[in-house]
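Here is how names work: the chains are called A, B, and so on, in the same order as the sequence lines, proteins then strands, and each is numbered from 1.
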Number of protein chains: 2
Amino acid sequence: MGRPIVRLKDVADRTGFSVNTVSLALRGSPRIPEDTAIRIRDAARDLNYMPNQVAKSLVSRETKTIGLVLTDITNPALTQAAQSIELALAERGYSTLFATSNNDLEEEKRVIAMFQSRQVDGMLIYPRSHRDLAHIRQLRRANYPVVLLVADPDAGVDAVSVDERRGAYRAVKHLIDMGHSRIGIIDSSNPMGNHEKRDGYVLALTEAGIEPDGTMSADPQGHSVIRGYWAMDKLMRLANRPSAVFTANDSLAIGALRWTQKNDLRVPEDVAIVGFDNIEFAEHAATPLTSVNYEIKLVTDLAVARLIELIGTQGTLPDPSVTLIDPELIVRESTHRRP
Amino acid sequence: MGRPIVRLKDVADRTGFSVNTVSLALRGSPRIPEDTAIRIRDAARDLNYMPNQVAKSLVSRETKTIGLVLTDITNPALTQAAQSIELALAERGYSTLFATSNNDLEEEKRVIAMFQSRQVDGMLIYPRSHRDLAHIRQLRRANYPVVLLVADPDAGVDAVSVDERRGAYRAVKHLIDMGHSRIGIIDSSNPMGNHEKRDGYVLALTEAGIEPDGTMSADPQGHSVIRGYWAMDKLMRLANRPSAVFTANDSLAIGALRWTQKNDLRVPEDVAIVGFDNIEFAEHAATPLTSVNYEIKLVTDLAVARLIELIGTQGTLPDPSVTLIDPELIVRESTHRRP
DNA sequence: AGGCGCTGTATTAACGCTCATACAACGTCA
DNA sequence: TGACGTTGTATGAGCGTTAATACAGCGCCT
């Protein structure tokens with residue numbers, strides 16, 4: 001709104017050269033002799049000239065901006081991801097436009113369209129659901145660089161993600177190895193959501209000859225501590241309550257742990273708890289939490305690298321590649337008291 | 001890179017109208033008759049036309065984008081702030097360009113310059129330090145809309161923030177009221193940093209006739225749980241150890257709490273702990289934490305509202321206004337065991 | 001001496017859009 | 001009937017930048 005803006009033209013007028021000469025000089029063209037360049041640079045500095053990236057983008061047809069779409073940044077795992085994505089992109093000269101879909105599909109579509117309109121060079125998307133990817137697949141088909149941060153081998157879209165199914169499998173397998181057979185799960189995988197973790201849970205159980213029990217499952221409807229608390233409450237009120245619980249993330253696990261404290265149960269003696277993501281608070285919880293760990297930075301670095309690769313592709317994009325990072329289980333006291 | 005882009009011209013060619021007519025029709029000008037508009041809109045939809053915001057911005061001289069500069073988004077309080085800022089801006093039609101300064105002044109300057117170059121309509125900044133604001137003050141003088149997320153009444157820049165000094169004062173006053181006089185502080189206020197909280201701490205002590213004791217202070221050099229743990233370790237190894245500790249944020253407090261667990265001290269009987277920010281984990285910590293609470297959404301909403309107001313200002317910006325939100329203390333078991 | 005290739009600079013045309021203006025075609029009214 | 005609005009559409013300029021091209025002046029070679 002009426003803020004003064006210094007343009008190439010102003011530097012040109014000041015020095016007596018043409019706009020084009022100034023542009024070349026400031027970009028260090030070898031065709032401009034050193035003394036001319038110095039005079040122009042001095043004038044530009046005096047006037048506090050800053051190149052207008054908007055105009056530049058219009059010409060170059062690239063904005064050096066990528067769009068990051070998350071469902072909700074307050075999820076600690078996503079916060080970490082956002083941080084390291086921004087860092088990785090900044091290192092490569094890209095800026096990050098950031099938006100949250102608030103777990104709403106329409107909002108997700110709106111945000112993606114808005115980013116397209118803003119001519120972002122590519123997008124990193126943590127989609128609301130694995131099921132509704134049509135709009136993203138369509139982007140890809142329109143030759144638009146996109147990398148998902150959840151992995152669906154059949155999505156037809158590039159993706160880099162931790163192998164959630166495998167992580168969940170490892171966690172539940174560990175509980176089984178510790179002698180548990182009544183194992184509950186706290187995971188908000190509604191029919192439309194991502195059920196990788198639930199799949200891993202079921203796999204570990206059936207593999208061990210344990211019939212998955214539908215009543216041992218609670219949907220926390222969110223990822224916050226308090227949600228975990230109430231989901232745990234539901235599970236532990238069962239007549240045949242679980243002796244161990246697997247939760248889809250550490251915030252839920254901390255909520256579950258909190259429930260045990262309030263109800264004077266010992267962890268892991270009375271009930272064992274495993275989380276997912278291994279956030280900092282997991283290690284330092286009242287009872288240090290066993291949790292599925294993976295290097296978020298590895299995931300985001302690979303995702304960013306792939307995205308940059310796609311952006312740099314001339315012509316048609318290569319076939320989508322899906323990369324799964326293998327997570328490890330960090331065993332702590334919440335499942336295994338050291339003697 | 002060579003992605004096909006549908007322009008007004010394409011829609012014009014398809015319909016036989018001129019570019020201008022198409023532009024007017026799509027923007028719903030009353031000069032375009034209804035049937036023409038419908039034909040144009042249909043063609044635009046068929047071609048999947050999306051307006052190019054970059055070109056639009058070049059003409060309108062506004063990008064409908066604001067720049068958000070944070071030191072480090074993994075600080076839970078800042079995460080929350082980022083989330084609600086993005087939401088508030090999106091509601092008003094603005095996109096959020098986001099960058100972290102990683103607590104480095106040069107990086108902060110670089111990011112701000114980059115945002116200027118990208119023609120953001122305004123910026124929200126959580127600066128690295130209260131001391132080095134010259135570059136931001138200069139922005140303001142150049143008539144650029146900026147709102148700080150920390151309050152310094154003398155900064156000469158608009159700001160909206162929680163009153164940290166007052167929050168710290170309340171926290172420490174509470175400890176004094178509970179009978180403590182040996183009160184430690186864990187706060188990373190280096191000479192160049194923000195020492196509002198430390199000021200509030202000192203004020204409460206001196207007001208109560210207690211001489212602040214320099215040895216009762218630990219610099220955690222960060223805001224993570226583990227930093228709090230080691231800072232607590234330093235304080236509790238003192239010959240004359242504190243009976244209560246005030247920490248600059250809840251992560252540090254949880255670290256301190258963790259130290260007490262490992263060292264078999266009871267909270268609050270052996271040592272009381274107060275945090276700041278009242279994050280979700282504070283309430284659900286092993287011992288629920290007393291913490292300074294304030295509505296982050298209120299702070300960010302006011303900051304966004306002020307920023308939008310500045311952006312809408314014609315001509316010279318009004319005098320800077322500084323708004324401080326008054327925080328409250330939430331008392332929980334970490335300072336006061338209920339009988 | 002005339003042509004050639006440098007060197008340094010300017011001119012022009014884009015990029016996709018909006019705004020101001022132009023202007024035909026038509027109807028209206030004195 | 002002819003000047004005058006109104007309606008619908010087109011033309012041209014301009015936003016700040018880059019890229020392609022033009023071109024004047026000079027030294028050098030044959």
For a quick test of reading the model: is some side-chain N or O of A/S18 closer than 4.0 Å to OP1 or OP2 of C/dA10? yes
Round to the nearest Å and state the distance from B/L24 atom CG to D/dA10 atom P. 11 Å
Would you kindly give the CZ-to-C1' distance between B/R31 and C/dA20, to the nearest whole Å? 12 Å
Rounded to whole Å, NZ of B/K56 lies from C1' of D/dG14 at a distance of 18 Å
If you compare every side-chain N and O of A/R61 against the phosphate oxygens of C/dG16 (OP1, OP2), does one of them come in below 4.0 Å? yes
Looking only at C/dC17, C/dC15, C/dT9, the nucleotide nearest the B/L8 side chain is C/dC17
Whole angstroms only, please: what is the CG-C1' distance between B/D13 and D/dT9? 16 Å
Ignoring hydrogens and geometry beyond distance, is a side-chain donor-acceptor pair present between A/R306 and A/T323 at under 3.5 Å? no
Output the rounded distance in Å from CD (B/E34) to P (D/dT7). 15 Å
What's the closest nucleotide to the B/V59 side chain, out of D/dC15, C/dT9, D/dT17? D/dC15
Any luck finding a side-chain donor-acceptor pair between B/D72 and B/T100 under 3.5 Å? no
Looking at A/T65, A/D121, A/V120, A/I85, which one forms a side-chain contact (heavy atoms from CB on, under 4.5 Å) with A/Y94? A/D121
Taking only side-chain nitrogens and oxygens of B/R27, does any of them come within less than 4.0 Å of OP1 or OP2 of C/dC17? no
Pick base, sugar-phosphate or nothing for A/N20, based on heavy-atom distances below 4.0 Å to the nucleic acid. base
Any N or O donor-acceptor pair linking the side chain of B/R7 to the base of C/dG16 at under 3.5 Å? no
Atom-to-atom span, CD1 of B/I40 to P of C/dC17 - whole angstrom: 14 Å
Take atom CG in B/D35; do more than 12 heavy atoms of anything else shown fall under 6.0 Å from it? yes
I need the minimum non-hydrogen distance between B/R118 and B/T63, along with the two atoms involved. O-CG2, 3.9 Å
When you measure from the side-chain N and O atoms of A/S23 to the phosphate of D/dT17, is any distance below 4.0 Å, counting only OP1 and OP2? no
Does a nitrogen or oxygen in the side chain of A/S57 sit under 4.0 Å from OP1 or OP2 of C/dC15? no
For atom CG of A/L58 and atom P of C/dC17, their distance in whole Å: 9 Å
What's the CD-P distance between A/E62 and C/dC15, to the nearest Å? 17 Å
On DNA chain C, does the nearest nucleotide to A/T36 precede the nearest nucleotide to B/K9 from the 5' side, or the other way round? Give the residue. A/T36
Return the nearest nucleotide to the side chain of B/F17; candidates are D/dA10, D/dG16, C/dG16. D/dA10
